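Read the numbers this way: they start at 1 and go in the same order the structure lists the ligands and their atoms. Note that the structure is predicted; figures quoted are calculated from it, not measured.
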Amino acid sequence: MDPRLNPYAPGAGSPPPELAGRDDLIERAAIALDRIRAGRPARSLILYGLRGVGKTVLLNRIRLDAEARGIASVRIEAPEERSLPALLAPALRATLLRLGRGAVAKAGVGKAMRALASFVRALKVKYEDIELSLDLEPEPGLADSGDLDTDLTELLASIGSAAAERETAVVLYLDELQYVPEDQLAALIVALHSASQDQLPVTMVAAGLPQLVGQTGRAKSYAERLFEFVPIDRLDEEAAKAALTVPARKAGVDYATEAVAEILAQTLGYPYFLQEWGKQSWNVADASPIDVEDARRGSVQALAELDASFFRVRFDRLTPAEKRYMRAMAELGPGPHRSGDIADVLGRKVTTVAPLRNALIAKGMAYSPAHGDTAFTVPLFDGFMKRIMLLQ
Ligand SMILES: Nc1ncnc2c1ncn2[C@@H]1O[C@H](COP(=O)(O)OP(=O)(O)O)[C@@H](O)[C@H]1O
Ligand SMILES: [Mg+2]
């Protein structure tokens, strides 16, 4: 069928034509943010799960809905190897500029800007990647100690006050939170906790890989009072069917029952894969309904597409030794696997391959669902590793 009319949207962060199975969560997030704006206690959300389950699109949806209700956003995606202050400073500046717009100038926004100027000036020494410079007079004694915990606490407090004055809330949307170094993550949580104790309308909605849960563990007593940790997983059968069939139906195209069953079996209900399978099955089909033969031919195309993109970009980030480790994991199946078993496949000692495992976790390629276990952060990655490389 005409690829120009193809409704599916495989791709990192691409909004799906039908955001299936997440209504409940979207509503919970909206309630929490509205309560926080009103100065009422509520726990914001931290979304965690594997690659391709739909964390980013959910985070974006929560943000867009909140913006439509007048809640201010700070958008941050944590890349590897950037400091949190360097990420926060320009994003907070943009938010404060937007917050400061409007007829009546308010004192709070100006003070928050000066706090940001102090923050940047004081932390530039330690976090050399801060690129922002503000030609503003910093406020002496405010957020200028040079200690991240203290300064971030004071900065977020002044931003919270500015938001309260504007009768709104400021929400930090932090994607890929697992890449924020642990000490900086702890400082952020401490600062958010302090703001919440003062009933200031500033909070964070975050998303990241499963290792996030362990990483926040150190600031845990705080984190658990502030955030609800929500696992984001593959879609259940009903939602997976909706994700696949609703976009086609809107374009007047149906699926044969067996075609749906075939695609659900192949994708295991993972959102990214549903988009890819839907896209390819549409393209190979001659006409509605998309039948099981189309679905099978679509599968071949979809896997080839994933191998060349979704899986491939992750594979290319690995060193040769890391590739061998991942290949050994794949040999054992989808996982999780015991570290000892992986080492056995490699014919090495657990202790000698431990640094590889740590590096893979730091890169976000693997995580540890339980002590001594290792699993892929990308669904179906075991099959890909077997297709692309031989066991060495
Ligand atoms: N609830 C959903 N229903 C249908 N498709 C979805 C859903 N959530 C995500 N997707 C699709 O899955 C893909 C991956 O989404 P993304 O948010 O980038 O995942 P993650 O951030 O967890 O890696 C995108 O193509 C997106 O359109
Ligand atoms: Mg994402």
Side-chain angles (χ1 to χ4, degrees), residues 6-29 45-65 75-80 87 173-180 205-213 229-251 255 260 263-264 266-283 298 302-303 305-306 308-314 317 363-367 375-381 384:
N6 196 314
Y8 298 98
S14 307
E18 169 77 9
L19 186 64
R22 309 293 193 211
D23 290 353
D24 182 43
L25 258 175
I26 292 167
E27 174 68 7
R28 260 158 67 195
L45 307 183
I46 292 186
L47 317 170
Y48 67 94
L50 304 182
R51 297 263 175 222
V53 291
K55 301 177 299 296
T56 298
V57 299
L58 196 52
L59 194 65
N60 286 336
R61 174 60 187 275
I62 292 168
R63 175 177 57 78
L64 290 171
D65 285 1
R75 274 182 85 174
I76 301 157
E77 182 183 322
E80 281 168 278
L87 294 170
Y173 298 91
L174 244 154
D175 202 0
E176 307 283 359
L177 189 61
Q178 77 280 349
Y179 288 139
V180 173
V205 184
L209 294 173
Q211 39 265 64
L212 197 53
V213 183
F229 286 84
V230 186
I232 305 297
D233 210 336
R234 55 175 113 170
L235 300 175
D236 63 25
E237 193 178 329
E238 193 194 338
K241 271 186 190 158
L244 184 68
T245 59
V246 171
R249 184 84 287 285
K250 283 187 185 149
Y255 277 87
V260 173
I263 293 175
L264 262 49
Q266 293 295 326
T267 59
L268 305 174
Y270 282 105
Y272 195 109
F273 301 153
L274 285 164
Q275 296 300 324
E276 194 66 64
W277 258 257
K279 177 181 173 184
Q280 302 300 338
S281 304
W282 171 291
N283 285 351
L303 269 182
E305 196 55 51
L306 291 175
S309 58
F310 183 69
F311 294 136
R312 183 81 215 192
V313 295
R314 312 239 134 75
R317 296 177 56 238
K363 278 189 178 175
M365 291 300 304
Y367 74 107
F376 296 109
T377 54
V378 183
L380 307 186
F381 209 72
F384 167 73

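Note that CG of Leu177 and OH of Tyr179 are 12.0 Å apart. Values are rounded to the nearest 0.5 Å. Note that CG of Leu87 and CG of Leu174 are 7.5 Å apart. Values are rounded to the nearest 0.5 Å. Separation of atoms CD1 (Ile263) and CH2 (Trp277) is listed at 9.0 Å; rounding is to 0.5 Å. The line from CG of Leu50 to CZ of Phe376 is 11.5 Å long, rounded to the nearest 0.5 Å.
For ligand 1, the atoms lying closer than 4.0 Å to a non-hydrogen atom of Arg51 are 23 (O). Numbered from 1 in the order shown, with element, the atoms of ligand 1 that lie under 4.0 Å from a heavy atom of Ala12 read 18 (O). Close approach of ligand 1 to Arg22 is summarised as follows: ligand atoms under 4.0 Å from at least one heavy atom of the residue are 1 (N). Listed by atom number, the atoms of ligand 1 under 4.0 Å from Leu50 heavy atoms are 22 (O).
At least one heavy atom of Leu19 sits less than 4.0 Å from an atom of ligand 1. Heavy atoms of Gly49 stay at 4.0 angstrom or farther from ligand 1.
Protein heavy atom in closest approach to atom 17 (O) of ligand 1: Val57 N, 2.9 Å. Looking at atom 6 (C) of ligand 1, its nearest protein heavy atom turns out to be Pro271 CB, 3.5 Å. Nearest protein neighbour of atom 25 (O) of ligand 1, counting heavy atoms only, is Ala9 O, 2.6 Å. The nearest protein atom to atom 11 (C) of ligand 1, hydrogens excluded, is given as Gln275 CG, 3.6 Å; this is a heavy-atom distance. In terms of protein heavy-atom proximity, atom 4 (C) of ligand 1 is nearest to Glu18 O, 3.2 Å. Regarding atom 18 (O) of ligand 1, its nearest protein heavy-atom neighbour is Gly13 N, 2.6 Å. Here the protein heavy atom with the shortest distance to atom 27 (O) of ligand 1 is Ser14 O, 2.5 Å. Counting only heavy atoms of the protein, atom 23 (O) of ligand 1 lies nearest to Gly52 N, 2.7 Å.
With respect to Arg317 and Glu80, a salt bridge is recorded, a charged nitrogen being found less than 4.0 Å from a carboxylate O.
Looking at ligand 1, you won't find any N or O of Leu235 less than 3.5 Å from one of its N or O atoms.
Residue contacts with ligand 1, taken as heavy atom pairs separated by less than 4.0 Å, do not involve Asp175 at all. Counting heavy atoms closer than 4.0 Å to ligand 1, residue Pro16 contributes atoms from both its backbone and its side chain.
Around atom CZ of Arg28, more than 12 heavy atoms belonging to other residues, nucleotides or ligands sit under 6.0 Å away. Glu237 CD: 12 or fewer foreign heavy atoms inside a 6.0 Å radius.
Using a 4.5 Å cut-off on side-chain heavy atoms (C-beta onward), Val57 and Pro16 make contact. Between Thr245 and Arg249, every side-chain heavy-atom pair lies at or beyond the 4.5 Å cut-off.
For the pair Arg314 and Phe311, the cation does not sit on the ring face, since its NZ or CZ is not both under 6.0 Å from the ring centre and inside 45° of the axis.
For the pairing with Leu47, the side chain to side chain contact (heavy atoms under 4.5 Å, CB included) check across Leu212, Val53, Asp175, Leu58 returns one residue only, Leu58.
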